[in-house]
> 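Could you have a look at this structure, given as structure tokens, before my questions?
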Amino acid sequence: MALRKPKVIVTRKLPDAVETRMRELFDTELNLDDTPMDVETLAAALARAEVLACTITDRLDGDLIARAGPQLKLIANFGVGVDHIDVTAANARGIVVTNTPGVLTEDTADLTMGLILAAARRVVEGANIVQAGDFHGWTPTWMLGRRLSGKRLGIVGMGRIGQALAKRARAFGLAVHYHNRKPVGARIAEELEATYWESLDQMLARTDVISVNCPHTPATYHLLSARRLKLLQPHALVINTARGEIIDEAALAGMLQRGEIAGAGLDVYEHEPAINPKLLKLPNVVLLPHMSSATIEGRIEMGEKVIINIRTWMDGHRPPDRVIPSML
Ligand code: 8YV
């Protein structure tokens, strides 16, 4: 007997292959013109959907979740970070929340390594000079960057993405240091030749490049506070492909402007999509538009994860990527 198709409302445009499969499997409403949903449109979706397939651009706070109809049973997020969803409020109403871990790990680690290289070797600055027609010939002392090999990388958050970054960093000759709630297992630590710092403060003061790779939770909000940023060495680079809220962006911009740290590579921002205007004017920063997981392969795999989560829930099983507050 064919399963009844649940009403699934998708809040943003997803890759065609994903949308087609969702239409085959579910009673799916797509957002074909990709207009981000405002609060009232989201509330209307929560009042009708059995499953909401949402993204980071949908802020599902406790007030909005309180407006969900009793039929809403699953919020299947297209993305790994769930800091835009009040998971506790959802669970309290019997709504399961899922995400898409694993499939964007390698792509995000690739671009994090790219930002490290770009910031250390002034890649964007150099490219802009050429494009502006200002390259008038080689000189021995022009466009000097900093060598990566032999330097120390401090990874804040040694989960999947942190570990994938560590593997890449080793290949570039960087020594891997990390801060995490707890040390990684002995086998992984040995493979990555990684040094664990229980004290984030101590690691910050001793590493040359800092990369933020932890989730944004109440415990990691402004983890890199103004006080902690001051512990960095003047030649340090700060890289962030996780969430803007983890760094005090105003403090970081001020320090970069005053030359108190050497540079930054940022893909995410505290008040995204707004960016601190100071950052936009600085030559020593590389700024990307939240694109570290943006590959067509990754987006399709994220969609497949969303589908698997909905499908297993439909079949009465526990979805594989269920998020529970104690994991955050
Ligand atoms: C995604 C991300 O592109 O998955 C995440 O948490 O930050 C991004 O890389 C985005 O969240 C899609 O919703």
Side-chain angles (χ1 to χ4, degrees), residues 8-15 17-19 22 30-31 34-37 42 45 51-61 64 74-87 90 97-115 155-157 159-165 211-218 220-221 223 239-247 249 265-275 287-310 319-324 327-328:
V8 177
I9 299 186
V10 185
T11 65
R12 298 300 302 265
K13 172 100 190 76
L14 301 182
V18 175
E19 291 189 336
M22 287 181 93
L30 301 172
N31 178 354
D34 201 26
T35 311
M37 291 189 174
L42 269 177
V51 178
L52 188 80
C54 63
T55 76
I56 190 176
T57 55
D58 308 305
R59 182 141 299 283
L60 299 174
D61 59 18
L64 203 49
L74 177 65
I75 296 175
N77 186 52
F78 181 89
V80 69
V82 290
D83 52 334
H84 55 292
I85 304 171
D86 188 332
V87 179
V97 178
T98 58
N99 66 349
T100 61
V103 290
L104 35 73
T105 303
E106 305 300 323
D107 294 328
T108 305
D110 282 347
L111 213 78
T112 310
M113 197 63 227
L115 273 177
I155 299 177
V156 181
R160 291 185 190 85
I161 295 170
Q163 291 177 31
L165 171 64
S211 176
V212 177
N213 296 104
C214 60
H216 168 222
T217 67
T220 63
Y221 173 78
L223 187 65
I239 311 297
N240 190 2
T241 54
R243 282 292 181 271
E245 291 90 336
I246 301 166
I247 304 182
E249 190 174 292
L266 308 175
D267 184 46
V268 287
Y269 305 92
E270 191 172 343
H271 306 289
E272 214 167 295
I275 300 181
L287 305 175
L288 295 180
H290 198 147
M291 56 183 264
S292 62
S293 71
T295 66
I296 182 62
E297 295 87 347
R299 290 288 186 258
I300 289 173
E301 286 172 16
M302 286 162 74
E304 283 165 355
K305 282 221 148 213
V306 169
I307 290 169
I308 289 166
N309 282 315
I310 299 173
D321 304 311
R322 181 170 183 186
V323 181
I324 47 171
M327 291 160 69
L328 303 173

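Since we're looking at a predicted model, the values are computed, not measured. Counting starts at 1 for both ligands and their atoms, in listed order.
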> Quick one: salt bridge (Lys or Arg N to Asp or Glu O under 4.0 Å) partners of Asp321, sequence neighbours excluded?
Lys305
> If you compare all heavy atoms of Ile246 against all heavy atoms of Cys214, which two are closest, and at what distance to 0.1 Å?
CD1-O, 3.2 Å
> Just to verify, what does Asp83 make a salt bridge (Lys or Arg N to Asp or Glu O under 4.0 Å) with, not counting sequence neighbours?
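Only Arg243 meet the salt bridge (Lys or Arg N to Asp or Glu O under 4.0 Å) criterion with Asp83.
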> Quick one: salt bridge (Lys or Arg N to Asp or Glu O under 4.0 Å) partners of Glu270, sequence neighbours excluded?
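Salt bridge (Lys or Arg N to Asp or Glu O under 4.0 Å) list for Glu270, sorted by chain: empty.
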> Please determine which of Thr241, Asp110, Asp267 meets the side-chain hydrogen bond (donor to acceptor under 3.5 Å, both in side chains) test together with Ser292.
Asp267
> Using only atom types and a distance under 3.5 Å, with no angle test, would you say the side chain of Asp58 pairs donor to acceptor with the backbone of Leu60?
no
> Hey, which residues fall under 4.0 Å of ligand 1 on heavy atoms?
Thr55, Ile56, Phe78, Gly79, Val80, Gly81, Leu104, Arg243, His290, Ser293, Arg299
